[in-house]
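Have a look at the structure below, then the notes.
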Amino acid sequence: MPVHALVVDPSAPAAVRLTEVPEPVPGPGQVLVDVSHASLNYGDLNDARSGRAPVGAVLGSDAAGVVVQAAADGTGPAVGSRVVALTAGSFAERVAIDVGALAEVPKGLDLAQAVALPVAGVAALRSLRAAGLGPDKRVLVTGASGGVGRFAVQLAARAGAHVIASVGSSARGEGLAGIGADEVLIGLEGLRRPVDVVIDSVGGPQLVAAWNLLAPGGSVQSVGWTSGEPAVFPPYATVGPAKSLTSFVIEGDVGEDLATLAQLAAEGALTVEIGWQGSWDRFDEAAGALRGRRIPGKAVLEPASGGVDAPRLSPQN
Ligand SMILES: NC(=O)c1ccc[n+]([C@@H]2O[C@H](COP(=O)([O-])OP(=O)(O)OC[C@H]3O[C@@H](n4cnc5c(N)ncnc54)[C@H](OP(=O)(O)O)[C@@H]3O)[C@@H](O)[C@H]2O)c1
């Protein structure tokens with residue numbers, strides 16, 4: 001039976017169209033999941049518009065729902081388990097998911113909250129780990145109001161770091177002090193003292209400014225580039241005591257890290273801020289708000305029940 005899904009369509013306003021696709025057939029190490037929630041990442045929007053995801057491909061990376069068919073090789077969760085996963089093509093009512101790409105959702109954590117964790121939470125956790133996080137380090141998080149940023153602020157604070165959160169406006173900085181930011185700055189102009197770690201999801205001139213603030217031995221993790229602007233390093237900016245600028249991408253199985261994040265969220269040790277939640281019929285609205293920097297934290301999409309005959313996506317972005 002076909003299932004509803006959001007697929008890449010460059011002719012649609014947000015380059016995404018709701019349609020039907022064949023029900024996925026799980027491989028031996030995959031479970032079949034009924035998706036109740038998906039979360040929208042900035043990277044999904046880039047995938048749809050840039051050609052990185054081919055026309056007609058099911059979009060999405062984060063899914064949460066219930067296992068309806070266990071893996072044939074006997075690995076992974078049983079039928080009925082609530083799971084969260086990082087998996088390509090998550091914007092579908094049913095998805096076949098590698099058991100290494102998912103974690104069971106602990107009691108006490110809603111699937112709507114859990115689904116916010118995969119891309120943003122794993123990027124925050126792993127980039128901080130790669131940077132060599134430790135107590136008393138000064139950690140700068142750019143784009144701190146967004147999905148990756150909010151998790152990075154909290155995880156760095158939990159590790160005992162002094163956390164500096166950089167945002168685009170005072171309104172965008174709301175709530176960050178309450179989740180662990182020691183300083184909340186607009187841009188980077190006010191920052192004078194060097195930092196040991198930078199988790200950068202903005203790129204462009206802010207990346208150059210962050211590099212200049214980096215202490216010897218420090219590490220910039222280049223996680224994203226939401227500014228879309230080039231970074232121009234002045235001559236000799238990269239000459240001097242050793243420090244590093246490292247590219248970052250999520251690779252390999254994420255199940256273990258997802259389980260860690262889900263447990264922290266279930267215990268209330270990691271706050272999941274959902275700034276937008278609604279039917280995936282309203283995908284264009286969610287996409288416009290995310291691009292327009294109007295969503296604090298994460299956007300959560302809910303697959304709608306019913307047919308695909310009626311016009312479901314709003315015409316404007
Ligand atoms: N490498 C990886 O594996 C990986 C994983 C996850 C995400 N990413 C990337 O990381 C970036 C952030 O992802 P996300 O999901 O956290 O996005 P998000 O929730 O939309 O947050 C992005 C933040 O960037 C800031 N921003 C947006 N446009 C900006 C601009 N023109 N100039 C300066 N700041 C701007 C915004 O903060 P203000 O409104 O406060 O300015 C916003 O809160 C994206 O580029 C995404 O593709 C990469």
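The chain is numbered in sequence order, starting from 1. Counting starts at 1 for both ligands and their atoms, following the listed order.
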- Query: Can the positive tip of Arg17 be found less than 6.0 Å from the middle of the six-membered ring of Phe283, inside 45° of the ring normal?
  - Reply: no
- Within a distance under 4.0 Å of any heavy atom of Gly224, pick out the atoms of ligand 1 and give their elements. 9 (C), 10 (O), 11 (C), 45 (O)
- Note on the structure: Here the gap from Thr238 atom OG1 to Lys243 atom NZ, rounded to the nearest 0.5 Å, amounts to 9.5 Å
- Message: If I compare all heavy atoms of Gln69 with all of Pro26, which pair ends up nearest, and what's the gap?
- Response: NE2-CG, 3.6 Å
- Between Ile179 and Val153 the two heavy atoms that sit nearest each other are O-CG1, 4.1 Å
- Query: So which pairs with a foot in residues 122-142 pass side-chain hydrogen bond (donor to acceptor under 3.5 Å, both in side chains), sequence neighbours left out?
  - Reply: Arg126-Asp257, Arg129-Asp257, Thr142-Asp200
- Message: I want to know if ligand 1 touches Gly168 in the polar sense, i.e. an N/O pair below 3.5 angstrom.
- Response: yes
- Query: In the protein, which heavy atom is nearest to atom 7 (C) of ligand 1, and how far is it?
  - Reply: Val148 CG2, 3.6 Å
- Within-cut-off N or O pair, Ser145 and ligand 1, under 3.5 Å: yes
- Can an N or O of Arg172 be found at a distance shorter than 3.5 Å from an N or O of ligand 1? yes
- Val84 and Pro118, any side-chain heavy atoms less than 4.5 Å apart: yes
- Going by distance only, is there an N or O of Val202 that falls short of 3.5 Å from an N or O of ligand 1? no
- Task: Show your reasoning for whether side-chain contact (heavy atoms from CB on, under 4.5 Å) applies to Asn41 and Asp47.
- Result: CA-CA 10 Å; Asn41 291 287; Asp47 285 347; over 6 Å; no
- Query: Nearest protein heavy-atom contact for atom 34 (N) of ligand 1: which residue, which atom, what distance?
  - Reply: Arg293 NH2, 3.5 Å
- Test item: side-chain donor near acceptor, Gln221 and Ser219, under 3.5 Å: yes
- Query: Short question: side chain of Glu20, backbone of His4 - any donor-acceptor pair under 3.5 Å?
  - Reply: no
- Message: I need the minimum non-hydrogen distance between Ala71 and Val31, along with the two atoms involved.
- Response: N-CG1, 3.6 Å
- Query: Any N or O on Gly149 sitting closer than 3.5 Å to an N or O of ligand 1?
  - Reply: no
- Message: I need the minimum non-hydrogen distance between Asp182 and Ala161, along with the two atoms involved.
- Response: OD2-O, 3.7 Å
- Query: Are any of the N or O atoms of Ala123 closer than 3.5 Å to those of ligand 1?
  - Reply: no
- Message: Quick check: do Phe91 and Asp44 have side-chain heavy atoms less than 4.5 Å from each other?
- Response: yes
- Message: Using a plain distance cutoff, I'd like to know if Val119 has any nitrogen or oxygen under 3.5 Å from a nitrogen or oxygen of ligand 1.
- Response: no
- Which of the atoms in ligand 1, numbered in the order shown and given with their element, are less than 4.0 Å from a heavy-atom of Gly43? 47 (O)
- Query: Any N or O on Ser169 sitting closer than 3.5 Å to an N or O of ligand 1?
  - Reply: no
- Task: Give a yes or no answer on whether the side chain of Ser166 reaches the backbone of Gly187 with a donor-acceptor pair at less than 3.5 Å.
- Result: yes
- Task: Specify the protein heavy atom at minimum distance from atom 26 (N) of ligand 1: its residue, its atom name, and the distance to 0.1 Å.
- Result: Thr226 OG1, 3.3 Å
- Item | Under 4.0 Å to a heavy atom of Trp225 - the qualifying atoms of ligand 1, by number | 45 (O)
- Query: Can you find an N/O atom of Leu290 closer than 3.5 Å to an N/O atom of ligand 1?
  - Reply: no
- Item | Heavy atom of the protein closest to atom 19 (O) of ligand 1 (residue, atom name, distance) | Gly147 N, 2.8 Å
- Query: In the protein, what heavy atom is nearest to atom 20 (O) of ligand 1, and what distance, to one decimal place, separates them?
  - Reply: Tyr42 CD1, 3.3 Å
- Who's the nearest protein heavy-atom neighbour of atom 12 (C) of ligand 1, and how far? Ser201 CB, 3.7 Å
- Give yes or no for whether the N/O distance cutoff of 3.5 Å, strictly under, is met between Val167 and ligand 1. no
- Note on the structure: Min over Leu176, Asn46, Val223, Ile295 of heavy-atom distance to atom 4 (C) of ligand 1 lands on Val223
- Identify the protein heavy atom lying closest to atom 3 (O) of ligand 1, giving its residue, its atom name and the separation to 0.1 Å. Ile250 N, 3.1 Å
- Note on the structure: Ranked by distance from atom 21 (O) of ligand 1, the top protein heavy atom is Gly146 CA, 3.2 Å
